[in-house]
Amino acid sequence: MTTATATPAAALTEVILDVLVTKYEAPAGTTPDTEFERLGYDSLVLVEVAVDLTRRFGVEITDDELHQAGTTARAARVLADRGVRA
């Protein structure tokens with residue numbers, strides 16, 4: 001799926017997954033539906049991810065929101081609902 005034809009949430013999912021794999025050591029096989037808990041992401045890691053995504057996209061997302069979302073796909077939907085585009 002290319003970002004030109006992807007939905008905003010799908011395109012964001014790709015970007016967020018890339019960040020998790022390259023910066024937060026998620027395994028290469030991580031999917032959009034892999035639970036953050038399964039990745040071993042505790043509250044401290046989610047705080048770091050939230051700060052990173054907020055800076056990257058210019059729209060705040062909190063660690064609590066990431067925790068509630070639970071997966072990359074659902075976190076991307078939260079950001080897409082706020083008008084963020086990849």
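In terms of heavy atoms, A86 sits closest to V15 at CB-CG2, 3.7 Å. Considering every non-hydrogen atom in both R85 and A80, the closest pair reads NH1-O, 3.4 Å.
Atom OG of S43 is separated from atom CG of D64 by 9.5 Å, given to the nearest 0.5 angstrom. Between the CG atom in L39 and the CG atom in L20 there is a gap of 7.0 Å [rounded to 0.5 Å].
Residues forming a side chain to side chain donor-acceptor pair (under 3.5 Å) with Y24 (at least two apart in sequence, or on another chain): D52. Looking at residues two or more places apart in sequence or on another chain, you find a side-chain contact (heavy atoms from CB on, under 4.5 Å) between R74 and E35, A69, T71, R77. The side-chain contact (heavy atoms from CB on, under 4.5 Å) test applied to T31 returns D33, T34, not counting sequence neighbours. For D18, the side-chain contact (heavy atoms from CB on, under 4.5 Å) partners at least two apart in sequence or on another chain are T22. Considering only residues two or more places apart in sequence or on other chains, R82 meets the side-chain contact (heavy atoms from CB on, under 4.5 Å) condition with V59, I61, E65, V78.
Residues L17 and F57 fall into different hydrophobic clusters, defined by Ile, Leu, Val, Met, Phe, Trp and Tyr side chains chained together at heavy-atom separations under 4.5 Å. Cluster membership for V47 and L66, using ILVMFWY side-chain heavy atoms within less than 4.5 angstrom, is not shared. Cluster annotation: L79 is connected to V19 through the hydrophobic network of ILVMFWY side chains, with a link wherever side-chain heavy atoms come within less than 4.5 Å.
A donor-acceptor distance shorter than 3.5 angstrom exists from the side chain of T13 to the backbone of A9, with no hydrogens or angles considered.
Contacts classified as salt bridge (charged side-chain N to carboxylate O under 4.0 Å, His left out) and involving residues 37-49 (residues at least two apart or in different chains) are not found.
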